[in-house]
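Okay, structure first, notes after.
Excluded from the calculations below are hydrogen atoms, water molecules and symmetry mates; all remaining heavy atoms, backbone and side chain alike, are included.
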Amino acid sequence: MSAISPPGTRWTGLRTWWAQSPPGAGAAILATGIISIGLEQTGYEILSRIVLVLAAVGWLGLAAAFAVRLLRERERWLTEARTPSALTAVAATTVLGTRLVTLGWEVPAEALLALSAALWPGLLLLVVRQWRPRMPGAVFLGCVATQGLAVLGATLAPATHTDWLAHTALVLFWLGLLLYTMALFYFDYREIATGAGDQWIAGGALAISALAGSKLILAYQANIYLWNNDDNGVLRWVTEALLVLVLGTYCVLAVAEALWPRPRYDVLRWATVFPLGMTAVATLSVAAAIGVGRLRGLGQVLLWISVAAWLALVAVAVRRHGSRSGHAPQEP
């Protein structure tokens, strides 16, 4: 008969897992945060807040691990900071802040914007210096983190009536597109068939770019000045083109998953869920920004696909953790 694990065993196992979690675990917080935003956009406020709490708790845990490593394990922190997945810390922080703005919590959202803006340049510089040919999908996280700042800035601008935030967000939007273009030259396109999950970031980066563009358009419609009217016209065209590219990339990656199935669990699968959710949210936001109602229906369908993927991944992760922490010596 198997012995029952002591109450502290599971918590010890959880702490050990948390301490050893790679920087890419931030993709789980990013995925959860974007699901919360999507649920809020479609009117499921209670569900959205429940998911937001999960994202916030996870973010606090990762923030604590980040700080502890910086103070006590400086070499490990520097090693991890040079990996592209370290930028999920910036992206997850901006997504969490964006959701707080929709709740009317501008002050904590501003604090998260300041924190992510402080982390972004140093981490981005460390990561870009490590770019090499044939990189995995994580190479697009430079674009994701940059556009995350643009999304949060453009969302805060009308809420706080701050034009300079929108101006800065517009600059970051174009910089994010430049980083995406650069990343295309380093991405290993074989990852589409062989990647463990982060190949989807190629689409997720386009999706958050489209989301940033739509937020800037909405800021302009709320009487936030974006340089001049011509820029708004260009911005609308680019945002629409980005959404077309997003949906096309989504289809290509989905077909690749069917042709080359990868059913085994990998923490990199969180880097699949957040592009799924980001595509849904971008579609819903672009629909609102350019006034195309048919896109809203598509966004809702894509959202529930991402919610299903999120739930499946949560269930697998919990089951795997339970099977590891629940094992105990056999009694005679």
Side-chain angles (χ1 to χ4, degrees), residues 24 26-27 30-31 34 83-92 94-95 98 116-117 119-121 123-154 168-192 195 197-217 231 234-253 256 268 271-272 274-283 285-286:
L30 181 54
I34 204 63
T83 63
S85 55
L87 288 167
T88 57
V90 176
T94 60
V95 166
T98 300
S116 54
L119 291 173
W120 170 73
L123 289 177
L124 182 64
L125 183 60
L126 286 172
V127 168
V128 170
R129 284 180 172 177
Q130 302 301 314
W131 279 3
R132 300 290 185 273
R134 295 186 178 180
M135 295 279 289
V139 71
F140 294 101
L141 283 171
C143 171
V144 172
T146 304
Q147 297 291 17
L149 286 168
V151 169
L152 181 50
T168 306
L170 185 60
V171 173
L172 289 168
F173 170 74
W174 294 114
L175 176 59
L177 293 182
L178 175 61
L179 287 168
Y180 188 91
T181 304
M182 292 170 59
L184 285 172
F185 292 98
Y186 292 94
F187 178 54
D188 184 354
Y189 289 90
R190 293 174 299 180
E191 289 284 302
I192 295 172
D198 62 343
Q199 71 276 10
W200 278 85
I201 304 176
L206 286 172
I208 197 171
S209 298
L211 178 60
S214 69
K215 291 293 186 181
L216 286 163
I217 294 171
D231 278 348
V234 172
L235 183 62
R236 180 187 176 103
W237 180 86
V238 171
T239 301
E240 292 172 352
L242 282 170
L243 185 61
V244 172
L245 290 173
V246 169
L247 297 176
T249 304
Y250 188 107
C251 293
V252 169
L253 291 169
L268 291 177
T272 298
F274 97 71
L276 293 178
M278 195 68 75
T279 301
V281 169
T283 304
S285 188
V286 171

side-chain contact (heavy atoms from CB on, under 4.5 Å) partners of [X], counting only residues at least two apart:
X      : value
Ala207 : Val246, Met278, Thr279, Ala282
Thr272 : Trp200, Arg269, Leu276
Ala212 : Gln147, Ala150, Val151, Phe173
Ala256 : Ile192, Trp260, Arg262

Taking all non-hydrogen atoms of both residues, which atom of [X] and which atom of [Y] are closest, and how far apart?
X      : Y      : answer
Leu206 : Leu242 : CD2-CD2, 4.0 Å
Ala117 : Pro121 : O-CD, 2.9 Å
Ala86  : Leu123 : O-CD1, 4.0 Å
Leu152 : Thr98  : CD1-N, 3.5 Å

Using the salt bridge (Lys or Arg N to Asp or Glu O under 4.0 Å) rule, collect all pairs that involve residues 240-250, keeping only residues at least two apart or in two chains.
-> Arg236-Glu240

Between side-chain atoms of residues 124-143 and protein atoms elsewhere (two or more places apart, or another chain), which donor-acceptor pairs fall under 3.5 Å?
{"unit_1": "Arg132", "atom_1": "NH1", "unit_2": "Arg129", "atom_2": "O", "d": "3.1"}

Return all side-chain donor-acceptor pairs below 3.5 angstrom for residues 179-186, not counting sequence neighbours, or 'none' if the list is empty.
{"unit_1": "Tyr180", "atom_1": "OH", "unit_2": "Ala202", "atom_2": "O", "d": "2.8"}
{"unit_1": "Thr181", "atom_1": "OG1", "unit_2": "Leu177", "atom_2": "O", "d": "3.0"}

Could you measure the distance from the [atom1] atom of [X] to the [atom2] atom of [Y]? Nearest 0.5 Å is fine.
X      : Y      : atom1 : atom2 : result
Leu211 : Leu243 : CG    : CG    : 10.5 Å
Leu216 : Leu170 : CG    : CG    : 5.5 Å
Leu149 : Ile208 : CG    : CD1   : 9.0 Å
Trp120 : Leu172 : CH2   : CG    : 5.5 Å

Begin from the C-alpha positions of Val144 and Leu87 and carry the test side chain to side chain contact (heavy atoms under 4.5 Å, CB included) through to its verdict.
-> CA-CA 8 Å; Val144 172; Leu87 288 167; over 6 Å; no

Sequence neighbours left out, what passes salt bridge (charged side-chain N to carboxylate O under 4.0 Å, His left out) with Glu191? Give chain and number order.
-> none

With sequence neighbours left out, what residues match Arg190 under salt bridge (charged side-chain N to carboxylate O under 4.0 Å, His left out)?
->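 Residues passing salt bridge (charged side-chain N to carboxylate O under 4.0 Å, His left out) with Arg190: Asp188.
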
Residue set satisfying side-chain hydrogen bond (donor to acceptor under 3.5 Å, both in side chains) with Ser285, at least two apart, ordered chain then number -> Ser214

